[in-house]
2 protein chains.
Amino acid sequence: MTEVTLREVARESGYSVATVSRVLSGTRAVGAQAERRVRAAAERLGYRPNQVARALRSRSTGTIGMVLPQITNPFFPMLVRAVEHELHSRGRALLIADCDDDPAVEADRVNALLNRQVDALLVIPVHEEHSRVAVAAAAERAPLVQLDRRCGTGVADTVAVDNAAGMALVLDHLARTGRGRPCFLGSAATDSAAVERRAAYEAGVAALDPEGASRVELGDFSVEWGRDAAERVWSERPDALVCANDLIAVGAIQQLRRMGVDVPGQVAVTGFDDVAIASLAEPALTTVRQPVTGLAEEAVRLLDQRLGEQGSRPRHAVRLAPELVARASTAPRTEEAQ
Amino acid sequence: MTEVTLREVARESGYSVATVSRVLSGTRAVGAQAERRVRAAAERLGYRPNQVARALRSRSTGTIGMVLPQITNPFFPMLVRAVEHELHSRGRALLIADCDDDPAVEADRVNALLNRQVDALLVIPVHEEHSRVAVAAAAERAPLVQLDRRCGTGVADTVAVDNAAGMALVLDHLARTGRGRPCFLGSAATDSAAVERRAAYEAGVAALDPEGASRVELGDFSVEWGRDAAERVWSERPDALVCANDLIAVGAIQQLRRMGVDVPGQVAVTGFDDVAIASLAEPALTTVRQPVTGLAEEAVRLLDQRLGEQGSRPRHAVRLAPELVARASTAPRTEEAQ
DNA sequence: TCTCTGTCGGTAAACGTTCTCACACACGTT
DNA sequence: AACGTGTGTGAGAACGTTTACCGACAGAGA
């Protein structure tokens, strides 16, 4: 069962390889009779175009590479899924690389994918600074879009959620439900998501209460650290914990319950991302939902655009609006809990 | 910045394209002087082999396709990660496809990947029966290994955890900690994981207590169903809930706590897979850890073997031993909880 | 009737590799 | 001196497409 080639379809149909190619790839109009006969022959023989040969000739593999920090971090699979669907619906395929949160591995993977002739690259940079040179170098070799995070500005196109708007939604929601003494549990990491969320929090809180100094704790984006931070911060008796992502929030809720603190009775907790466990937490977590499919569409659209233009240089930075998902963890205080 | 080709390295080094190719791909020994000069020239020009041309000529893309049911199901990213690392360490790349738990999409993706000339396919079938024809057809076109689940027997090579052994570990652990009236919360799905775990449970329970009829509830592999089932089953006052995966178990624990039932005081709960949320549940979940990296290694090894042999037909079915991870959800009863 | 334009089809040259030959030359053996 | 036997190298044909170029032929306008 060797593969059927254009040649054999040509022989079978009585036309030349060129004509067959034209019919099957639809690049130029051919006569009605030729069209019919060629299609019939192709069908009869079960012809399938060889994508590798096609790629070699047309200098395009129809393949996009995606490199991400940690596929086991529950937010990323959502993104991968959305990107995969978007790409497949356009007839492209997705080459994936996981880099274990290590910039060195990231650089390696980026190169591996480029050497495989991906048409373009989708990168979620591991680290704002350490990823920079690799990402910048890659952006020279192929169209590249940074997704969700970015390293520096002007390095390449970026598509991300509007973190500031998301944080504003949270603060507004808390203010409206009567929470006035929040604390922030964030990440000390320097990736853009971490930085922007923290900055937006601080700006928002300052606007609400200009002289009140709100406590800010910085660690990483993990459940473990959420537990730690919640315990440390509780001594100040905040009435809300604003967390930089859902994992931190889940950890915080766990720790609070262990300490016998009532959520949301004594303290409200909010997250960011709306990953699956957010709705599974007890109480269910109020959080900011990222427009995942929107991000994927936008990223792919940008790549396609770059592929078409072939080298025009203005950098884009797309920001998509998030949405607040209010759940039990910020329900208004009940009387008896006051 | 157009790509450097063998021709240019040949011109630069003063040798022929053939010699350059031989040096750079190391297929045949060449003279020491040629070796040195060619390498130097390649280095100077920054030559990178064109993988597409290489693939066309050598009829091998160095690319493996992986198609899975739902990448947002937390167990799969663990597998993807392990497979990705295993492949990259061997210089291969991973083309990924998500099929939203839909056999029709699955068939489509499998074809898309095959048409892209993947060297081999790694499939986690969506459904035992509905996936069968597509998987079988694909196995005719390329080496194919079924991972984690399989549709029918003899369709293709399989690599999976030994579900029966895992269930035995659980039952043994429960018996040892004095739990004698378990219930099983499983999945009604017909994929092999669901079926094998249920069968193993029933066999194990029958062996323990030949005439006692243990209750078995079947739904799907979700948290929501775990909650439902736990509520329904609690009326019988089991002293252990054996769940077919971690998601069900997490749902069960949640529901029990809502109903004010003490876990593990009144009832123990166990899961399967050891996904991240298992250790985050409250109480932390006793579960069966899948040998994820082992599965990945074994799968890739099998593929490589198939690629080497080129068409020998005995099917393999590899089973890897799991490991019990005992956590708080099955801690022995405390006195006051009795 | 003679161009002129347009459509349809074929020939052959790419794309960048790998690999089969064949050749040249240096040995050692008869 | 004639003959194998290696060893290192180059020429050139694949691999399966796409596409630039050209020729043939048909219909339309003069």
Annotated protein contacts, base or backbone, on nucleotides 5-18 of chain C with a non-hydrogen cut-off under 4.0 Å, one of B, S, - each: ---BBBB-BBBBBB
Main chain of A/G62, side chain of B/R116: is a donor-acceptor contact present, judged purely on distance under 3.5 Å? yes
Quick one: bend of the helix from C/dT1-D/dA30 to C/dT30-D/dA1 from 5 pairs per end, to 10°? 60°
I'd like to know if the side chain of A/E86 and the backbone of A/A296 have a donor-acceptor N/O pair within less than 3.5 Å. no
Please evaluate residues B/E106 and B/R109 with respect to the criterion salt bridge (Lys or Arg N to Asp or Glu O under 4.0 Å), reporting the C-alpha separation (whole Å), side-chain torsions for both, the decisive distance (0.1 Å), and the verdict. CA-CA 5 Å; B/E106 179 178 57; B/R109 295 297 199 261; over 6 Å; no
When you check the gap from the basic side-chain N to the acidic O, do B/E35 and B/R39 get nearer than 4.0 Å? yes
Is it true that atom CZ of A/R319 has more than 12 heavy atoms of other residues, nucleotides or ligands lying nearer than 6.0 Å? yes
Taking heavy atoms of chain A and a 4.0 Å limit, find me the 5'-most and 3'-most nucleotide of DNA chain D within that range. D/dG16 to D/dC21
All heavy atoms of A/P49 vs all of B/Q117, minimum pair found to be O-OE1, 4.5 Å
Check the side chains of A/N111 and A/R141 for a donor-acceptor pair under 3.5 angstrom, ignoring hydrogens and angles. yes
More than 12 heavy atoms of other residues, nucleotides or ligands under 6.0 Å from CZ of B/R90: yes or no? yes
Output yes when a side-chain donor or acceptor of B/S131 lies under 3.5 Å from a complementary backbone atom of B/E128, and no otherwise. no
Is it true that B/E298 and B/R301 have a side-chain N and a carboxylate O under 4.0 angstrom from each other? yes
